[in-house]
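What follows is a set of notes on a single structure, which appears directly below.
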Amino acid sequence: MQIFRYRDGIAPNSFAFVYVLVGYPVSIYGLTTGNVLWYVAAILLLAHSLVIAAYLLHECIHQTIFKNSKHNEWLGMLLAWITGACYSDYLLLKKKHLRHHANRVDSLAIDMQMFFREHEFIYKAVGMLEWLYIPAIELLTHILAMLSPFFLPSRREQRGRVITILIFRLVFFSALAAWHWAILPAYAIAYLLFLRVLGFMDAFQHIYEVRLNLDEENNTQEFDRDYEEKHTWSNLLSEKHEWLNLVVLNFCYHNFHHYRPGEPWYRLPRLHAAKYPANQPNLALKEQLLDFHRYRSQRLLQTHNDDVNYGAAGVSFLAGI
C-alpha cells in the first residue's frame, strides 16, 4: 500500500522528516554541552530545523506528502506544535493559505494597519525592533493568534483549547530550563532566526491586496490567473546553485508553486526552469536584501502599491490571524 502521494516523494520527504525529527532534539541536546562552538552550531541547527518543519507544514496544507488527507493533517498538526503555530487551529491555517491561493489576496482576521494606528506604542516598538532586524511583526502576529479567542467573538469556542496548549508548552519549556539553564535563551535566539527567515521569504513573493475575510465563510474571487502571475515573484536564493534553495525547501520557486500548487517541493526547480525563461520572473537575492533592509520599518504601515514593492509584513501562513 502506497502511503506517500507520489512515489518520487518517498526519498526526499523521508529525508526532510528525518532532518526535522532528528535535528530538533539533537540541537536542543547540543545546547547543553557547554562548548561555545557546539552552542552556536546547535542554535543554527535548531533554527533551520524549524524552517524545514514550517515548509513541510506548508506541503501538508497542499496535501503533497501523503495520499490520505488525514495523514497530511496529522503531520501538519505535529509540525505546527514544533514550529509554535499550534495556537491557531490547523484547519484555520489551511483555510487561510488555500484562500490566499484561490482568491489571490492575503486573507486576515485583524486589520493590522488599524491595529497599529490604534496602538501607537506597539507600532513604535515593533518598528524599532524591525529596524534592529528583530522579527517583531511575526512575533506579534503569533501572539495575536494565541490571544484571538479572547477578543474575536467568532473564535470564542477556542479558548479552552488555547489555554490547554499554553499549559502544555509552559510545562515543556520549564522542563527544558530545569534540564539546563542555557537552553531557553538559545531557543529564543533560534526561534527569532527562524521567524526572520520566514518573514524575509514572505516579503517579496507577492504584491497582493489584503482582505479581512478570514473568519468569514462566504468570500468572492476578485482576481484572475493573469493578475496572480503579474503580482507574484520567485525569490530564489541562488539561480546558479539550485541546491542552495533547499535551505528553504524550494519555497522560493513561488511562481510555479502558484501556477500548480499540487506539485511537491522537490519538483519545483525543474518545472520552474521549464516554464519560465532565464531570470524570469525572479527577484535577485541582492535586490531582495537591499529592499528588505531599506523598508524594514516602513512596510508595517504600507498598503498595496503596484509601483513600489515595500514587501509584505505579517502574512505568515503559520499565524491564523
Please examine the side chains of [Y] and [X], heavy atoms only from C-beta on, and report whether any two atoms are closer than 4.5 Å.
X      : Y      : answer
Asp89  : Arg161 : yes
Asn282 : Trp233 : no
Lys67  : His71  : no
Ser88  : Lys96  : no
Glu242 : Tyr253 : yes
Tyr259 : Arg225 : yes
Arg267 : Phe256 : no
Gln205 : Gln288 : no

If you look at every heavy atom in [X] and [Y], which pair is closest and at what distance?
X      : Y      : result
Ser154 : Asp215 : OG-OD2, 3.0 Å
Pro149 : Arg159 : O-NE, 2.9 Å
Thr141 : Glu138 : OG1-O, 2.8 Å
Glu217 : Arg99  : O-NH2, 3.9 Å
Gly320 : Leu92  : O-CD2, 3.6 Å
Gly84  : Arg169 : CA-NH2, 3.6 Å

Would you confirm whether [X], through its side chain, and [Y], through its main-chain N or O, come within 3.5 Å as a donor-acceptor pair?
X      : Y      : answer
Asn245 : Leu237 : yes
Thr33  : Gly30  : yes
Arg155 : Ser148 : no
Gln113 : Leu300 : yes
Glu130 : Ile137 : yes
Tyr87  : Leu147 : no
Asn103 : Phe223 : no
His272 : Leu268 : no
Ser234 : Leu236 : no
Tyr191 : Thr83  : yes

From [X] atom [atom1] to [Y] atom [atom2], the distance as rounded to the nearest 0.5 Å:
X      : Y      : atom1 : atom2 : value
Ser174 : Ile167 : OG    : CD1   : 11.5 Å
Leu144 : Ile122 : CG    : CD1   : 8.0 Å
Asn250 : Tyr266 : CG    : OH    : 11.5 Å
Glu263 : Tyr6   : CD    : OH    : 5.5 Å
His142 : Leu318 : NE2   : CG    : 5.0 Å
Asp111 : Glu118 : CG    : CD    : 8.5 Å

Using distance alone, with no hydrogens and no angle criterion, decide if [X] and [Y] have a side-chain donor and acceptor under 3.5 Å apart.
X      : Y      : answer
Thr64  : Glu59  : yes
Thr232 : Asn255 : no
His293 : Tyr133 : yes

**Full working for side-chain contact (heavy atoms from CB on, under 4.5 Å) between Leu214 and Ile321** = CA-CA 7 Å; Leu214 182 56; Ile321 59 102; 5.6 Å; no
**Message:** What verdict does the side-chain contact (heavy atoms from CB on, under 4.5 Å) test give for Leu192 and Leu139, after you've listed the backbone C-alpha separation in whole Å, the side-chain angles of each residue and the deciding distance to 0.1 Å?
**Reply:** CA-CA 8 Å; Leu192 291 176; Leu139 281 173; 3.5 Å; yes
For atom [atom1] of [X], decide whether the heavy atoms of other residues, nucleotides or ligands shown that lie under 6.0 angstrom number more than 12.
X      : atom1 : answer
Phe151 : CZ    : yes
Glu157 : CD    : yes
Phe15  : CZ    : no
Tyr29  : OH    : no
Trp81  : CH2   : yes
Trp179 : CH2   : yes
Phe168 : CZ    : no
Lys275 : NZ    : yes

Measure up the [X] and [Y] rings against each other and bin them: parallel (under 30°), tilted (30 to 60°), perpendicular (over 60°).
X      : Y      : value
His58  : Tyr55  : perpendicular
His101 : His97  : perpendicular
Phe251 : His257 : tilted

**Asked** How far apart are the C-alpha atoms of His48 and Leu44, what are their side-chain angles, what is the distance that settles it, and do they pass the side-chain contact (heavy atoms from CB on, under 4.5 Å) test?
**Response** CA-CA 6 Å; His48 193 237; Leu44 295 176; over 6 Å; no
**Asked** Using 4.0 Å as the upper bound for N to carboxylate O, is an ion pair formed by Glu216 and Lys95?
**Response** no
**Asked** Can Arg299 be said to sit on top of Phe292's aromatic six-ring, NZ or CZ under 6.0 Å from centre and within 45° of the ring axis?
**Response**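 Because its charged atom sits under 6.0 Å from the ring centre and within 45° of the axis, Arg299 does stack over Phe292.
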**Request:** Could you tell me if the ring centre of His100 sits under 6.0 Å from that of Tyr208?
**Result:** yes
**Prompt:** After noting the C-alpha distance and the side-chain angles of Leu166 and Met146, does the key distance pass the side-chain contact (heavy atoms from CB on, under 4.5 Å) rule?
**Reply:** CA-CA 9 Å; Leu166 185 59; Met146 180 174 62; 4.0 Å; yes
**Asked** Which residue, Leu78, Ile82, Leu50, forms the side-chain contact (heavy atoms from CB on, under 4.5 Å) with Val20?
**Response**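 Result for side-chain contact (heavy atoms from CB on, under 4.5 Å) with Val20: Ile82.
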**Item:** Given Glu229, His231, Glu228, the one that forms side chain to side chain donor-acceptor pair (under 3.5 Å) with His258
**Value:**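 For His258, the side chain to side chain donor-acceptor pair (under 3.5 Å) test succeeds with only one of Glu229, His231, Glu228, which is Glu228.
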**Request:** Could you give me the CA-CA distance, side-chain angles and deciding distance for Arg211 and Glu222, then say whether salt bridge (Lys or Arg N to Asp or Glu O under 4.0 Å) is met?
**Result:** CA-CA 11 Å; Arg211 294 289 183 271; Glu222 301 179 45; 2.7 Å; yes
Is there a path of hydrophobic side-chain contacts, each under 4.5 Å between heavy atoms, that joins [X] and [Y]?
X      : Y      : result
Leu184 : Leu170 : no
Leu290 : Phe200 : no
Phe172 : Val26  : yes

